[in-house]
Colleague: 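Sending over a structure as structure tokens; questions will come in a sec.
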Amino acid sequence: MNTHFIRVDDKQYGPFSRHELRGLAKKGKFNTADYVWHHDNSEWVHAEQLKELRSIFSEEIPHELVENKVIAIGGGKGGVGKSVFSSALGISLASLEREVVLVDADLGGANLHTMMGILEPEYTFFDFYTLNRDSLNDIALETPIEKLRLISGACGTLGLANPKYSQKLRFIRELKSVEAEYILLDLGAGSSYNVIDFFLAADEGIVVTNPDPTSVQECYNFIKICLMRKLKRAFHGNKQVIELLEKDDVTRPGRMKMSIPTVLEEVRQFDERAADFFQQVLESFRPKLVVNMLINQEDVREGVAIQAAAADLLGIDVDYLGYISYDENVRDSVRELKPFLLRDPKSKASGDMARLVHGKLLGKSVFTSLWQKRKMQKILEEEKKVYPDLQLAEKAPICSLKCFYWNDCEYQNGGHPCTIRHLEPIFKT
Ligand SMILES: Nc1ncnc2c1ncn2[C@@H]1O[C@H](COP(=O)(O)OP(=O)(O)O)[C@@H](O)[C@H]1O
Ligand SMILES: [Mg+2]
């Protein structure tokens with residue numbers, strides 16, 4: 001948020017966000033001896049006295065050398081909660097003092113900005129592609145949450161629903177240079193090459209599913225398609241292995257007569273070195289899994305079932321991170337454009353999210369994780385107080401058959417304010 005006023009050479013400037021202040025500090029236009037307005041004490045203090053600003057001056061390490069992590073969030077089906085989970089993960093990590101950039105990479109139906117309470121994003125990918133912005137950093141928007149920025153995919157990206165391979169490559173290269181510790185990529189539904197390529201290019205991938213049979217099936221297929229693409233890329237040019245991988249017994253969805261471990265055995269019979277490499281590729285693909293909208297404890301088993309199927313049929317380890325309960329708080333929060341963690345930090349889903357992040361994702365011990373979970377809830381309670389209340393009904397258009405996107409919209413929430421895209425002008429009278 002733009003909350004800091006500064007005084008440099010007796011002139012007042014602002015308000016600036018922390019991110020903007022960091023930019024000024026980097027250019028040498030703002031330093032520790034300059035004054036900053038301190039809201040709590042209602043007085044001007046030297047920048048070095050403000051704890052929350054210290055990190056912006058300790059930038060001796062060039063950004064290129066700071067290891068950041070790109071995490072892609074995908075999964076076969078639409079509506080399983082990928083975007084809800086991505087934004088909750090972003091907020092969780094930001095509340096733990098990590099710099100996070102959330103990227104809406106659903107190039108066909110971007111809606112992450114609305115979930116983050118931004119109705120009309122100032123910049124989108126469109127600006128990156130068409131206005132020749134130098135860096136994705138230039139189009140990262142501040143969100144109401146400190147340390148969390150958003151790259152919006154809204155509005156202009158419709159024409160780029162199918163980016164060229166060169167555009168994808170440029171995008172993937174660019175991502176790594178974004179200034180953040182975590183870069184979270186919220187992918188679109190389906191298993192098109194666009195989605196798969198981004199999923200595989202990330203440092204880590206999280207697959208989200210629901211416990212119902214069709215979602216579980218699609219989730220498994222998504223993991224399989226990703227692995228097949230990875231293997232085919234790795235063995236590009238090796239005719240014998242590619243022929244095996246393209247066999248009907250292996251590729252046919254739902255009827256896998258020949259498992260990947262069996263393919264590996266066959267490869268070993270004619271090429272020992274290729275088999276070792278094959279094994280390495282299998283070991284290097286370790287997607288993480290989250291089951292969302294869990295209704296009862298038995299649903300937890302669906303995640304275990306996917307894990308078992310992936311081990312048996314695909315020969316890979318899936319890292320089951322945990323689950324998030326079905327919770328009305330989540331549904332209401334999407335309607336109110338308020339992230340569910342902030343709408344009610346103590347709700348069931350918020351508790352599940354905190355456990356998932358502290359336990360498996362960040363790998364803390366049970367004790368530390370419990371303590372951290374409480375700490376996170378406390379921080380979220382504070383964030384909740386300052387999070388803006390959006391009068392959606394006044395700002396958003398009302399969903400109707402006349403909407404340009406009616407046929408493509410999975411919600412078709414006729415008569416209610418549009419919570420999905422808010423593309424202007426979308427209503428033709
Ligand atoms: N844990 C949950 N409990 C209840 N409803 C949920 C939960 N997670 C997601 N939803 C609902 O599902 C809808 C779709 O989620 P979304 O994140 O947009 O899916 P995706 O990005 O996978 O298409 C949300 O608008 C929300 O109403
Ligand atoms: Mg989505």
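Just so you know, ligand 1 is whichever comes first in the structure, and atom 1 is the first atom listed for that ligand.
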Colleague: Donor-acceptor pair, distance only, cut-off 3.5 Å: does the side chain of Asn68 make one with the backbone of Lys176?
Modeller: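 Flag set: sc Asn68 to bb Lys176 pair under 3.5 Å.
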Colleague: List ligand 1 atoms under 4.0 Å from Asn292, heavy atoms only on the residue side.
Modeller: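 Answer, ordered by atom number: 1 (N), 2 (C), 7 (C), 8 (N), 9 (C).
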Colleague: Would one find an N, O or S atom of Ser86, in either backbone or side chain, under 2.8 Å from the Mg ion (ligand 2)?
Modeller: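 Here the distance criterion (N, O or S atom, under 2.8 Å) is not met by Ser86, so no.
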Colleague: Compute the shortest N/O to N/O distance between Val334 and ligand 1 and return yes if it is under 3.5 Å, no if not.
Modeller: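 Among all N and O atoms of Val334, none is under 3.5 Å from an N or O of ligand 1.
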Colleague: Is any side-chain N of the basic residue among Glu381 and Lys378 closer than 4.0 Å to the acidic one's carboxylate O?
Modeller: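 No.
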Colleague: Provide the number and element of each atom of ligand 1 under 4.0 Å from a heavy atom of Gly81.
Modeller: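 The list of qualifying atoms is 15 (O), 16 (P), 17 (O), 19 (O), 20 (P), 22 (O).
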Colleague: For Ala309, give me all partners under side-chain contact (heavy atoms from CB on, under 4.5 Å), at least two apart in sequence or on another chain.
Modeller: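 Tyr220.
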Colleague: Would you say the side chains of Asp327 and Ser325 form a donor-acceptor pair under 3.5 Å?
Modeller: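 The answer is no; no qualifying pair exists.
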Colleague: Please determine, by modelled atom types, if Ser92 and Ser95 share a side-chain donor-acceptor pair under 3.5 angstrom.
Modeller: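 No - no donor-acceptor pair under 3.5 Å links their side chains.
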Colleague: Answer side chain, backbone, both or neither: which part of Val80 comes under 4.0 Å from ligand 1, heavy atoms only.
Modeller: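 Within the 4.0 Å criterion, Val80 contacts ligand 1 through backbone and side-chain atoms alike.
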Colleague: Please report whether ligand 1 has a polar contact with Val84, defined as an N or O pair separated by less than 3.5 Å (distance criterion only).
Modeller: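 Yes; the residue has a nitrogen or oxygen that sits under 3.5 Å from a nitrogen or oxygen of the ligand.
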Colleague: Can you check whether Asn329's main-chain N or O pairs, donor with acceptor, with Asp332's side chain at less than 3.5 Å?
Modeller: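 No, Asp332 side chain to Asn329 backbone: no donor-acceptor pair under 3.5 Å.
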Colleague: Examine the side chains of Ser83 and Ser86 and answer whether a donor and an acceptor come within less than 3.5 Å of each other.
Modeller: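 Ser86 and Ser83 do not have a side-chain donor-acceptor pair below 3.5 Å.
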Colleague: Are any side-chain N or O atoms of Ser215 and backbone N or O atoms of Thr209, one a donor and one an acceptor, separated by less than 3.5 Å?
Modeller: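 Checking the backbone N and O of Thr209 against the side chain of Ser215, no donor-acceptor pair under 3.5 Å is found.
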Colleague: Less than 4.5 Å apart, side chain to side chain, heavy atoms only: is that true for Phe222 and Ile196?
Modeller: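 Result yes, sub-4.5 Å side-chain heavy-atom pair found.
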Colleague: For atom 11 (C) of ligand 1, which of the options Met115, Lys77, Met293 provides the nearest non-hydrogen atom?
Modeller: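 Among Met115, Lys77, Met293, the closest heavy atom to atom 11 (C) of ligand 1 belongs to Met293.
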Colleague: Show which atoms of ligand 1 fall inside a sub-4.0 Å distance from at least one heavy-atom site of Arg331.
Modeller: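 What qualifies from ligand 1 is 4 (C), 5 (N), 27 (O).
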Colleague: Based purely on interatomic distance, does Ser83 place a nitrogen or oxygen under 3.5 Å from a nitrogen or oxygen of ligand 1?
Modeller: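 Yes - when backbone and side-chain N and O of Ser83 are compared with those of ligand 1, one distance drops under 3.5 Å.
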Colleague: Does the residue Ser325 have a heavy-atom contact with ligand 1, meaning some pair of atoms that are separated by less than 4.0 Å?
Modeller: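 Heavy atoms of Ser325 do come under 4.0 Å of ligand 1.
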Colleague: Could a heavy atom of Ala349 be found less than 4.0 Å from some atom of ligand 1?
Modeller: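 No, Ala349 has no heavy atoms under 4.0 Å from ligand 1.
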Colleague: Check for me whether Gly79 has a heavy atom closer than 4.0 Å to any atom of ligand 1.
Modeller: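 Yes, Gly79 has heavy atoms under 4.0 Å from ligand 1.
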Colleague: Report, in ascending order of atom number, the atoms of ligand 1 lying under 4.0 Å from any heavy atom of Gly78.
Modeller: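 What qualifies from ligand 1 is 23 (O).
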Colleague: Quick check on Glu328 - does any of its heavy atoms sit under 4.0 Å from an atom of ligand 1?
Modeller: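 No; Glu328 lies far enough from ligand 1 that no heavy-atom distance drops under 4.0 Å.
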